[in-house]
Colleague: 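Can you keep this structure in mind? I'll have questions shortly.
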Amino acid sequence: MSDAPLLSLRNVSISFGGVRAVHGVSLELRKGELVGLIGPNGAGKSTVLNLISGSVRPTEGDILFKGKSIVGLRPDVLSRIGISRTFQNIRLFPQMTAFENVALGIHGKPLYSFAESFVRTRRAWRAEAEVRERALSLLELVDLTRYAKERAGSLPYGLQRRLELARAMATGPELLLLDEPAAGMNEDECGSLVELIRRIHEESSYGMILIEHHMNVVMELCADSLIYVLNLGEILASGSPREVQADQRVIGAYLGAKRSANERRRRRIS
Amino acid sequence: MGYLTSILILGCINIVVVLGLSVLTGYTGLFSIGHAGFMAVGGYAAAIIYIRLHVPFALALPLGGVAAGLSSYIIGYPAFRGKLRGDYFAIATLGFAEAVRLLLNTTYPVIGGAYGLMGIPQKTNLPIALAVALLAFAGAQSFVRSQHGKNCVAVYDDETAAQMMGVDLLRTKLMALFISAFYAGVAGALYAFYMAYLSPSMFGISKSSDLLAAVVFGGMQSIIGPVIIAFVTVALPELLRFLLAWRLVIYGLLFVVMMVFRPQGLLGYRELDFGPGWRRATAAVASRLGKPRPPRGPQGPVEGTP
Amino acid sequence: MILFMQQLVNGLSIGAVYALLAVGYALVYSVYNFTNWAFDAFMVVGAFAAYYCITLFGLPLPVAIGLAMLVTAGVAVSVEVGAYRPLRVRQAPRLFMMISAMGASMAIVNIVNLAFGGSFRKFPEISSASVELGGVYIGRMDLFAIVFSFVSLSALWLLLGKTRIGLGIRASAIDTVTAGLMGINNNSVAIIVFGVSGVLSAIAGVFFGAKYAVYPYLGLVTTKAMIASIIGGIGSLPGAVVGSLLLGVIETFVSAYISSVYRDLISFTILVLVLLFFPNGIMGAKTVDKL
Amino acid sequence: MMKIQGRVARGASLTVLALAALAMLSACGSSKTVKIGFCAQLTGADSYVGQAAKLALEDRIKELNAAGGIAGNQVQLISYDTRSEPAEAIVATKRLIEQDKVVAVIGPEWSAAAIPLGPISEAAKTPIVTTTASNINVTVDENGKLQPYMFRTCFIDPYQGYALADFAYKELGKRKAAFITDVTAAYSKGIEQYFTAQFEKLGGKVVDTEGYQSNDTEFRAQVSKVAKSGLDLLVVPTATYRDIGLIAKQAAALGLKVQFLGGDGWVADELLGIAGKELEGAYLSSGVSTESPEFQDYNAKFEKAHNAKMTVYGYYALDALYALEYAIKTSVEKTKKVDRVAVRDALETMKDAPGFTSKLTMEPTTHNPHNKPVVIMTIKDSKWQIVKTYTPQD
């Protein structure tokens, strides 16, 4: 079992009422590997993530996590067996503080019983202290300790992105799904994010799937690993960053087919 | 001074049920206009086991709460599985409470039906009511700060994200409903042993909407706010008794004014303090920051989780 | 057999009353998907307005009903502007609007009770005579109610489906903010919607008053209309009428053949079962929670 | 954080202080005043019951105080609204007894609220004189134990049921009765039970009993069913005029022509307004009637003073006040002060004391007024008309 891939998608497809969002997607990911998933808008990237994280159920194909099929399991079950994610549009808990958001990742499955939530036993206090300890160290990791008591909703955008990352790690995952973490960030914010993700990748043994539009972020982080290109719900190409960038089909998908010079001229006149 | 004690006792009883409701509505975001139904179940259950099975009063009270708590599964389980939310859930609880009231109405020979259940001794006095209210208050404060309590708030803030973070939505909602129904049941039992009489008409829609208003006026995600309003909603009508019909008009207009001008209620979204645990933790972090140390990578899952 | 037919007619006639109310209720719900709890107060205002138009000012029935519609529409719109709009603009959670609605209803009903007193009043004009068909008695009022609920339903269906205003209403129902961006004046849409539902509830109030009696607490029947529109499928106008007739018939058969004491218990149990097992009712639209 | 807590704590303590002050204020008062509590339905759908009675009591007390009060004590009436809900009646009565320290309480008017007050009045040793609560369990509980502090000034359902059955069988010659009863009202069930007992004893038969819950407005199902039961008499012992008004209208709409019979719950002029035509020729039992000749001048004086019509509920309230006047006078003679227990004892042993409607004698073992007459009335072109008077001896 140990050599089974951390995650493998086998011919997974899903259609929403006739519209084929994802079709015949297969990919594999080993423990500690960081894989990129790119493609134009509407290619189905987020849907793939939603399939893996259990938010939606595939109509065909299978998804294996550590060799076992996880199709049909509820997201909270998946989270407990080690799958965690961030969201394309940030979904923090606005009324809760930054600390509480991260702590929630740890005690999504409470560490003490229902009765102990009324009368804390020593075990419960120890569990609380443990959660606080880990949450604070995670906040420290993403450099948000200063904002621990701030309401998540009132934090600036860049900090919310990092907080969501910290919260995703709080569940103690083995597979981390990042859904456009750098969306809406300027250059130097991207820089520090890349630096943060690289450090997390090196120090942890997570398998990671990174969906991202900022090509420089993807290329830098996946320099020595695979990138899958998704277009119209299908895997168009996969390979190292250099191969993918040179692949005509990928460029076509992003920039539209290469038009002959005169066709461009005619279009401009009408 | 008997009258003042009766307001204090009725105030405490109202506080207990409003505390439970604030866990359900204030913290978990599930609105119920049927909590008078759970009060009825608790009250009747406690009275019957006391009279018929001679269970001592000190035991009948919590057992009344348990009966109401268990009855909450009848409506809760199918409702939450069917993903009933917002207005739908509120109307389902209204339906449940009315069904309970009407069912009690038809039980004439057995437990008094619409004429009411008599022969209940007056056991509830001020010390007992205060003690139960304090206990309920401490329990609610401790619960909302617990991990289970935080999970409820997460369910309120963003259900999908909470589920992704490992929160079992069905269990958390059922737990919140159970707590609020248990509190309502205990309050119903206290009420039964105070009035020494129970009739289904005591637990109608107006009682449920008063309770809901107390939580919303008191403030969402707050324990202290609803407690104050719970007491005021008992004292105020007595104070305004001389206004007769006008008090209902004022009461209704108050609903509108509160919702329009101060929707967050008296103390909404503002927890007064974090409690001792917090101060120790921040101190620990502050001391560590003093010594430079390479940031420790996140360890694997915390021991203890499967 | 005649008893069966009579009970069926009884059921349909109560169903017609529920239908009149349920259509107004479903209209507001379909557009703003929030339960307009102040609905019973509109009905009371409509009934009293018509009653006093006839008794105090001696106006003929049609004029009185017309005035009652106007007055109720005015009250409905002012409740919308006063109690709902600030919340809707601030996109407050729907349930805060529900509580504001409860408050408005409590205030209006009790003001009417204070001003006019709680006793029963009989509508002088409309006689409750009934026509007899082979041993089965059908009240003229009931025919009027059944006809009128279908007429108002189809009129509403045309308004929403075929007219530009209808398009504006449906657009602002789906997404108020975007509709606003598209140049639809959401406030005027709200006025139209609440005005129409005010008119409908005025008619229902007048009808209920004539069929039973005019008194400040006649609004309690609206909970039944709510149950009916949920059975039919919340937010669906045809569903409201179908649900109402169904509930009316079920209730009557329960009280006729089982025992009338259990009638309301059965209707609330149906409500809970429908909500739990077919939350979208018979004809309701499936609402999928967009991730 | 502290600032908020401070402000809120101060707010809460202020409310409690205001409450205490209010309580103190009303508790004291000059020692030479005797306080009588009155709890009635002053608002809501049944306010017609309480309003006239309150005005009648206040008039009588003005007269009394002008003439020096009762045995030298000025009389003060404290009245609370019960909004026709049992829980409110209990809270209001407790307030009258515990806070206002009244010597006795008049009302509540209906059995559902009066029955639970038995144990409460006994615990507080304060006599309660209900005005029109005619259910037998108000003064004697189910297993026959006398409620020592409960009294009433109206006849009891058994007698009302008996009189109605006797009248229906002998005078109207009816043999097959059907019922439409409010199963949630002790009053209605009581009359049905005693009427059936006497009617069947005389040889009549009850062919069908249909039920409904109070505040229902739809009775067509029950009326249609009853219409097919071969009845020659429809007994509808409703607790308020509202139900019978609706039932009569719907029966007419369903073409049911039958003899209606009812109890004193019907008595309200509003009934004549909404169903006078449909109930033409119906018979009902009532305690005393506003139509009886000896009250006409009082009615006229009352109407002029308050431009509101006098009601039967007012007469019973006055009877209760007269009874208390007698009892307080006796208590002062015996114990030199106005003592609740002495007032109770005086009420229990009251013989031919001056009352408003008639001489008042209390049966010591049941605390019901002795041989209170039952008046059978009919509705003739939308007006009440007295037909016959039954007194318990015959």
Side-chain angles (χ1 to χ4, degrees), chain C residues 2-14 17-18 110 113-114 117-124 127-132 135-142 208 210-218 220-221 224 248-249 251-265, chain D residues 41-51 83-84 180-184 209-229 240-256 268-278 308-309 382:
Chain C
I2 293 183
L3 181 63
F4 176 80
M5 280 312 293
Q6 182 63 62
Q7 298 293 20
L8 184 64
V9 165
N10 295 347
L12 290 175
S13 74
I14 315 160
V17 174
Y18 295 155
N110 281 290
N113 181 30
L114 267 171
S119 54
F120 270 35
R121 296 163 184 77
K122 181 162 167 308
F123 246 96
S127 76
S128 57
S130 55
V131 76
E132 197 231 343
V136 173
Y137 288 82
I138 305 165
R140 270 219 309 275
M141 293 304 301
D142 308 331
F208 187 91
K211 193 163 148 66
Y212 299 106
V214 174
Y215 57 102
Y217 299 95
L218 60 81
L220 295 178
V221 74
K224 289 287 177 67
V249 170
E251 274 189 352
T252 315
F253 279 154
V254 162
S255 39
Y257 296 108
I258 302 172
S259 126
S260 45
V261 171
Y262 296 106
R263 188 193 57 188
D264 286 352
L265 176 62
Chain D
Q41 298 166 76
L42 302 171
T43 63
D46 299 336
S47 51
Y48 69 93
V49 167
Q51 295 293 2
R83 244 170 11 111
S84 46
I180 295 184
T181 321
D182 178 351
V183 292
T184 59
T209 47
E210 290 302 316
Y212 66 90
Q213 302 219 2
S214 45
N215 291 332
D216 274 358
T217 51
E218 185 44 53
F219 303 98
R220 259 170 252 276
Q222 294 94 325
V223 171
S224 311
K225 203 160 170 228
V226 159
K228 295 292 181 284
S229 66
T240 73
Y241 73 93
R242 297 198 303 276
D243 308 343
I244 176 62
L246 292 173
I247 291 174
K249 269 176 66 157
Q250 288 169 28
L254 290 169
L256 172 64
D269 294 334
E270 284 87 348
L271 177 61
L272 304 175
I274 64 167
K277 197 161 51 57
E278 289 84 353
K309 282 175 77 63
S382 294

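A note on names: the letters A, B, ... follow the listed sequences, proteins ahead of strands, and every chain is numbered from 1.
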Colleague: In Å, rounded to the nearest 0.5 Å, how long is the span from CD of D:Q250 to NZ of C:K211?
Modeller: 6.5 Å
Colleague: Tell me, for D:Q51 versus chain C, whether the close heavy atoms (under 4.5 Å) come from the side chain, the backbone, both or neither.
Modeller: neither
Colleague: Let me confirm one number: the CG-OH distance from D:N215 to C:Y217, rounded to the nearest 0.5 Å.
Modeller: 10.5 Å
Colleague: Identify which of D:K228, D:E218, D:E270, D:K225 forms the greatest number of heavy-atom pairs closer than 4.5 Å to chain C.
Modeller: D:E218
Colleague: Of the backbone (N, CA, C, O) and the side chain (C-beta and beyond), which part of C:R121 lies under 4.5 Å from a heavy atom of chain D, both, or neither?
Modeller: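 Answer is backbone: N, CA, C or O of C:R121 sit under 4.5 Å from chain D.
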Colleague: Could you state the interatomic distance from CG (D:D243) to CZ (C:F120), rounded to the nearest 0.5 Å?
Modeller: 7.5 Å
Colleague: Does any backbone or side-chain atom of D:L246 lie under 4.5 Å from a heavy atom of chain C? Answer side chain, backbone, both or neither.
Modeller: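 Contact with chain C is through the side chain of D:L246 alone.
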Colleague: Which heavy atom of D:A221 sits nearest to which heavy atom of C:S255, and what is that distance?
Modeller: CB-OG, 3.5 Å
Colleague: Counting C-beta onward and ignoring hydrogens, is there a side-chain heavy-atom pair between D:T217 and C:Y215 closer than 4.5 Å?
Modeller: yes
Colleague: Restricting to non-hydrogen atoms, name the atom on D:S224 and the atom on C:N10 that form the minimum distance, rounded to 0.1 Å.
Modeller: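 Answer, listing the atom of D:S224 first, then C:N10: OG-ND2, 3.0 Å.
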Colleague: Check C:Y212 against D:K249 and note the closest heavy-atom contact, atom names and distance.
Modeller: O-NZ, 2.8 Å
Colleague: Which region of C:T252, side chain (C-beta onward) or backbone (N, CA, C, O), has a non-hydrogen atom less than 4.5 Å from a non-hydrogen atom of chain D, or is it both or neither?
Modeller: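 Backbone plus side chain of C:T252, per the 4.5 Å heavy-atom cut-off to chain D.
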Colleague: Under a 4.5 Å heavy-atom cut-off, does chain D meet the side chain of C:Y262, its backbone, both or neither?
Modeller: neither
